[in-house]
Amino acid sequence: MNTIGRGVYEVVSAGRSLVVGADPTLERRWESIAPHLPGVLPAGLRAGAGPVTVRLSAGVADGDARRVLNAHLHLLHLSHSTLCVHAVAVQRPGDGRVAVLLGGHGAGKTLAALALARRGWRVLAGDVALVECSSPGGHPRVLGGTTAFLARRGPTRRWFPDLELAAVGPDRVDLSLLPAMWEPLPLDLGAGGVSVAAVVDVDGDPAAGAGMVEVLDTHTAATVWWRASGHLLERLLDDRAVVLRQLEDAAAASHRLEQVRELAGVIRLHAVWGAPEMIANRIEDLDRTGAPAQTTEVN
């Protein structure tokens with residue numbers, strides 16, 4: 001690769017720029033780093049100019065490079081009232097409406113999203129979604145997210161045997177490589193509006209029933225959004241004694257809290273659990289009607 005940045009680069013994320021100082025090896029490593037940065041495409045590294053926002057130390061490993069960059073992308077997007085949410089986002093074909101699937105590591109977000117993707121939904125964010133809280137239309141929307149769409153090999157083989165994943169190989173499989181799986185960004189300002197938000201939990205039993213749905217109260221919903229929106233600050237670096245959480249000062253944290261409370265107030269957050277296909281059924285019910293046939297309020 002020809003050197004493009006001479007040590008100063010512009011990282012473009014959902015149309016917003018972060019100026020990064022780094023040695024030229026960042027260019028040849030970019031293809032392995034970019035899929036884990038929200039809103040960043042493989043072509044999203046350009047020659048930079050102006051004051052450097054973040055400087056990567058020489059020899060920094062790929063993992064630490066993306067963690068540091070992600071922490072600063074968190075701050076960049078927060079300054080535009082956009083949250084970097086630990087969630088998978090999928091877009092319904094035709095009308096552009098988006099379902100945001102939250103949950104901790106191993107909860108089954110990817111499995112539920114895969115079940116929807118096999119029905120024609122397209123993945124906008126594989127692990128971290130950019131949720132714009134104050135969009136031009138007055139309703140939250142997703143601007144994109146990380147392009148890596150990783151799933152654990154064992155559960156994916158169990159729930160989706162027809163994919164014929166090999167039994168032996170890396171524990172994590174990037175499903176974004178499957179045909180017609182990933183959608184780069186909403187096509188216009190009307191696309192990407194959030195129609196459904198749900199905390200998903202895949203039942204470990206393949207014989208799980210029709211799935212269950214609960215509506216979370218506003219306080220619990222705000223707590224879920226708060227934790228999910230701080231995800232990129234909670235990562236530990238392997239080679240440096242730096243606490244990424246400290247990059248978000250009191251003013252930025254207060255602004256994030258305002259955005260979280262706004263989200264909890266305008267989007268009803270559901271808890272959905274069951275088998276991946278049953279969760280997909282429930283998500284589609286919510287997308288069509290705004291409420292499932294039966295819900296239980298959780299206070």
Q) Nearest 0.5 Å, what's the CZ-CG distance between Arg256 and Leu75? A) 9.5 Å
Q: Would you kindly confirm whether Phe149 and Leu165 end up in one hydrophobic cluster when ILVMFWY residues are joined by side chain heavy atoms under 4.5 Å apart?
A: yes
Q | Spatial distance of atom CG (Leu45) from atom CG (Leu18) [nearest 0.5 Å] | A | 11.0 Å
Q: Report yes or no: do Val266 and Leu102 belong to one cluster of Ile/Leu/Val/Met/Phe/Trp/Tyr joined by side chain heavy-atom distances under 4.5 Å?
A: yes
Q: State, without any angle test, whether Arg152 and Thr110 hold a side-chain donor-acceptor pair at a distance under 3.5 Å.
A: no
Q.
Distance alone, cut at 3.5 Å: any donor-acceptor contact between the side chains of His72 and Thr53?
A. no
**Q.** Test log, rule side-chain contact (heavy atoms from CB on, under 4.5 Å), inputs Thr82 and Leu143
**A.** CA-CA 9 Å; Thr82 299; Leu143 303 181; 4.1 Å; yes
Q: State yes or no: do Leu232 and Val131 share one hydrophobic cluster built from I, L, V, M, F, W and Y residues joined by side-chain heavy-atom distances below 4.5 Å, directly or via other members?
A: no
Q: Take Val142 and Val85 through the test side-chain contact (heavy atoms from CB on, under 4.5 Å) and record every step on the way to the result.
A: CA-CA 10 Å; Val142 172; Val85 178; over 6 Å; no
Q | NE2 (His219) with more than 12 external heavy atoms under 6.0 Å | A | no
Q.
Side chains of Gln259 and Trp225: any donor to acceptor distance under 3.5 Å?
A. no
**Q.** Gap separating the CG atom of Leu233 from the NE2 atom of His74, nearest 0.5 angstrom
**A.** 4.0 Å
Q: Please test Arg240 against Ser57 for side-chain hydrogen bond (donor to acceptor under 3.5 Å, both in side chains), starting from the C-alpha separation and ending with a verdict.
A: CA-CA 10 Å; Arg240 295 177 62 193; Ser57 58; 4.8 Å; no
Q. Does Arg261 pair with Glu258 as a salt bridge, N-O distance under 4.0 Å?
A. no
Q: May I ask you to say whether Arg118 pairs ionically with Asp162, meaning some side-chain N is under 4.0 Å from a carboxylate O?
A: yes
Q) Which atom pair, heavy atoms only, marks the closest approach of Lys109 to Ala87? A) CD-CA, 4.3 Å
Q: Would you please say whether a donor-acceptor pair under 3.5 Å links the side chains of His86 and Asp127?
A: yes
Q. Does a donor on one side chain and an acceptor on the other come within less than 3.5 Å for His255 and Ser81?
A. yes
Q) With a 4.0 Å cut-off, would you call Arg119 and Glu284 a salt bridge? A) yes
(Q) Please determine whether a side-chain nitrogen of the Lys or Arg among Arg67 and Asp64 lies less than 4.0 Å from a carboxylate oxygen of the Asp or Glu. (A) yes
Q) Does a side chain donor of either Ser195 or Asp287 reach within less than 3.5 Å of an acceptor in the other side chain? A) yes
Q | Gap separating the OG1 atom of Thr156 from the CG atom of Leu175, nearest 0.5 angstrom | A | 5.5 Å
(Q) Using a 6.0 Å cut-off, check whether atom CZ of Arg16 has over 12 heavy atoms from anything other than its own residue. (A) yes
Q: Please name the residue in the list His77, Arg141, His80 that meets the side-chain contact (heavy atoms from CB on, under 4.5 Å) test with Leu130.
A: His77
Q.
Test side-chain hydrogen bond (donor to acceptor under 3.5 Å, both in side chains) on Glu214 and Trp273; report intermediate values, then the result.
A. CA-CA 9 Å; Glu214 293 178 342; Trp273 66 95; over 6 Å; no
Q | Residues Leu114, Leu163; criterion side-chain contact (heavy atoms from CB on, under 4.5 Å); working and verdict | A | CA-CA 11 Å; Leu114 179 56; Leu163 289 179; 3.8 Å; yes
Q.
With a 4.0 Å cut-off on N to O distance, would you call Arg153 and Asp171 a salt bridge?
A. no
Q: Output, in order, the C-alpha distance, side-chain angles, deciding distance and verdict of side-chain contact (heavy atoms from CB on, under 4.5 Å) for Leu56 and Val20.
A: CA-CA 7 Å; Leu56 298 177; Val20 177; 4.1 Å; yes
